[in-house]
Every structure is written in structure tokens, then in C-alpha cells.
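Below you'll find the structure, written out as C-alpha cells, and then a few comments.
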Amino acid sequence: MNKTESFLAPKYWPTWLGVILLRMLALLPFKMGLAFGRLLGLALYYLLPKRRHITTVNCQLCFPELNESEQKKFVREVFKNNSIGLVETAWSYWGNKKALQDRTEYRGFELLDDALKQERGVILLGAHYSHLDLGGMLFSGHGAPLISMYRQHNNPLMEKIISEGRASFSRPIERKQLREIIRCLKKNQVVWYGPDQDMGHKTSVFVPFFGQTAATVTATTRMVKLNNSPLLSMQQRRKEDDSGYIVEIVPVDNFPSGDEVEDATLVNLAVEAGVRKAPTQYMWVHKRFKTQLNGKESPYQKSSTQ
């Protein structure tokens with residue numbers, strides 16, 4: 001049995017069902033897709049208590065100025081935006097890309113043009129927004145070659161679907177393929193990299209993120225040094241009036257600083273600045289603060305069954 005035939009095995013049937021549903025979502029008109037995403041998100045808010053707990057903890061840690069009622073509203077909005085993100089992912093893979101790009105306001109792209117004139121490639125500092133893949137697709141509307149670094153999915157079928165979907169607007173490269181990434185930078189291409197997830201103690205330093213100490217990878221510094229490439233931050237968000245999107249290129253000042261800890265701090269500040277422009281459009285459903293210093297208990301452990 002070859003690899004394609006193996007995807008017909010029963011263990012992949014739930015994945016196929018999900019793919020079929022995504023393909024159907026890609027057919028939704030813009031306003032209807034947003035409305036469906038919000039309705040789905042409200043349902044998932046009640047159906048996924050563990051994710052609701054994680055998001056609530058993140059909100060309490062990062063936005064302590066919100067009262068209890070405001071925090072609950074914040075968490076509901078996160079679920080709605082993450083569900084809209086499923087629709088936006090479907091659009092980015094199989095939808096009308098030109099129509100979505102036409103709805104997009106591009107800001108600061110002259111910084112990217114200037115950086116590419118150095119002919120050392122560009123490291124594009126991204127983040128795990130709810131519309132992660134949509135951002136890459138919208139960016140491709142500018143015309144710059146885009147390389148998207150990613151972690152290989154544990155499910156081979158999902159790996160195939162995601163890689164093929166992203167290949168429609170970028171060239172996805174598994175993050176361990178450093179030689180290939182160096183070649184891309186030497187060809188003066190743009191490499192997207194999202195360092196805003198908790199990867200544990202081994203490759204991280206502990207620096208502030210939204211006022212909390214967060215395990216933060218130092219790989220951004222090493223990537224910049226691969227070809228002495230400039231670093232820029234890409235921020236993305238859906239407009240408040242649901243008319244479209246903003247994709248913005250922002251400088252990361254004083255990077256690299258000569259110190260990995262300071263660099264990681266600058267990275268987190270850049271990510272935080274983008275998230276604060278539309279806070280509930282970020283993937284707060286992930287355990288960003290699960291790794292703690294000196295064996296301290298993860299903040300998600302308490303009341304984890306709620």
C-alpha cells in the first residue's frame with residue numbers, strides 16, 4: 001500500500017471529515033464566513049472547557065486591568081476570532097485570494113523594499129495570530145517571495161493538507177532545514193518565523209511578555225546571523241468594522257543587540273506591540289506560560305478541570 005492509499009485508513013477518516021468541512025467553509029462569502037465563525041466560536045466556548053480555562057488564565061495574567069465581566073467577554077471574543085480563523089484558513093488555501101488581498105490595507109512595505117535592497121534576505125518576525133495562514137496569503141499579494149518556517153504536523157495527512165495549502169501562496173520549509181533556509185536568504189527571499197510559543201527550557205531564556213516571565217526561544221538571533229539579514233516585524237489584524245484586513249511591516253529597533261537575552265526581550269516587545277492592536281485576534285488558547293523558572297508550577301495546572 002502506497003502513502004496515498006494509506007490515507008484511506010479509518011484512522012484518517014476524522015481528518016478527512018475536517019478537510020471536507022474546511023473546503024465547504026472556503027465557499028462562504030466574506031460576511032457570511034465571519035458570521036459563521038463567530039457562531040462556531042461561541043459554541044466552542046462552551047464545548048471546550050480546558051481551552052476556555054487556558055484562555056482565561058492567559059487573560060488574567062496579561063490583562064489584569066480587566067474586571068471579571070470584561071475578562072469573560074475577552075475570552076469569548078478570543079474563541080470567536082479563533083473560529084473565524086478556521087474560515088480564514090480555508091479561504092487562504094482554497095478561496096478567492098485576490099478578493100481578500102483587495103480588502104487589505106498594506107502599511108510599511110517600503111521598509112521591506114528597502115531591506116531587500118541589501119540583498120541579504122529578510123527575516124520576517126511573525127506571531128501566532130488566529131488568522132495565521134491568512135496573513136501569509138495576504139502578504140504574498142505584495143509580490144515578495146515568501147518562505148514560511150513551520151513545525152511538521154504529527155498527523156501525516158494534516159501535514160500534507162497544510163503544506164499544500166501554504167504552498168499556494170508561499171514555500172513552506174520545516175524549521176529544522178537550516179541549510180535550505182540559508183540558501184533562501186542568500187537568494188534574497190523573505191523568511192517568515194514565529195518565535196512566540198513556549199518551547200521549554202532547553203533553547204529558551206526567560207524574558208517579559210505582557211508583564212509575565214515567558215520562556216522565549218533565542219533562535220531569532222541565530223537566524224539573523226545566518227546571512228546577516230535584517231529583521232522586520234509583520235503585524236496583521238482584521239479591521240474593527242469587518243471590512244477587511246491590515247498587514248503592517250514594522251521595524252525592530254536595535255536588533256541584534258549583541259546579547260541573546262536582550263534580543264529575546266526585543267522580540268517579545270515586537271510581538272506584544274502587534275497583539276495589542278487587536279488583542280483578541282491572537283491565539284490565547286495556547287499555553288504560552290507553561291514553562292516556569294525553578295520548577296514553579298504552571299499557572300494552567302490549578303483548577304485545570306474547570
* Under the side-chain hydrogen bond (donor to acceptor under 3.5 Å, both in side chains) rule, what pairs show up with a residue in residues 124-136, not counting sequence neighbours? ->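 Counting only pairs at least two positions apart or across chains, the side-chain hydrogen bond (donor to acceptor under 3.5 Å, both in side chains) contacts touching residues 124-136 are Tyr93-Asp133, His128-Asp196, His131-Gln236, His131-Gln281, Asp133-Arg166.
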
* Please examine the side chains of Glu88 and Leu34, heavy atoms only from C-beta on, and report whether any two atoms are closer than 4.5 Å. =>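 Sidechains of Glu88 and Leu34: in contact.
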
* Cationic N near anionic O, under 4.0 Å, Lys73 to Glu70 ->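 Salt bridge flag = no for Glu70 with Lys73.
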
* Asked: Hey, are Asp242 and Arg38 close enough for a salt bridge, meaning a charged N less than 4.0 Å from a carboxylate O?
  ->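 Judged by the 4.0 Å cut-off on N to carboxylate O distance, Asp242 and Arg38 do form a salt bridge.
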
What closest approach, in Å, do [X] and [Y] show between heavy atoms, and which atom pair accounts for it?
{"X": "Thr55", "Y": "Phe79", "result": "OG1-CE1, 3.8 Å"}
{"X": "Ser83", "Y": "Gly41", "result": "OG-CA, 3.0 Å"}
{"X": "Pro299", "Y": "Gln292", "result": "CD-NE2, 3.8 Å"}
{"X": "Ser229", "Y": "Gly121", "result": "CB-O, 3.7 Å"}

Please state whether the rings of [X] and [Y] are parallel, tilted or perpendicular, taking 30° and 60° as the class boundaries.
{"X": "Trp284", "Y": "Phe63", "answer": "perpendicular"}
{"X": "Phe139", "Y": "Phe109", "answer": "tilted"}
{"X": "His142", "Y": "Tyr106", "answer": "tilted"}

* Asked: Can any side-chain N or O of Trp91 pair as donor or acceptor with the backbone N or O of Leu27 at less than 3.5 Å?
  ->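 No, Trp91 side chain to Leu27 backbone: no donor-acceptor pair under 3.5 Å.
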
* Determine, for Tyr45 and Arg52, whether the Lys NZ or Arg CZ falls below 6.0 Å from the six-membered ring centre while staying within 45 degrees of the axis. =>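 Here Arg52 passes the 6.0 Å and 45° test against Tyr45.
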
* To do: Identify the residue among Glu240, Glu272, Glu248 that makes a salt bridge (Lys or Arg N to Asp or Glu O under 4.0 Å) with Lys277.
  =>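 Testing Lys277 for a salt bridge (Lys or Arg N to Asp or Glu O under 4.0 Å) against Glu240, Glu272, Glu248 leaves exactly one candidate, Glu248.
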
* salt bridge (charged side-chain N to carboxylate O under 4.0 Å, His left out): pairs with one or both residues in residues 107-116, sequence neighbours excluded ->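 Only Glu105-Arg107, Asp114-Lys117 qualify under salt bridge (charged side-chain N to carboxylate O under 4.0 Å, His left out).
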
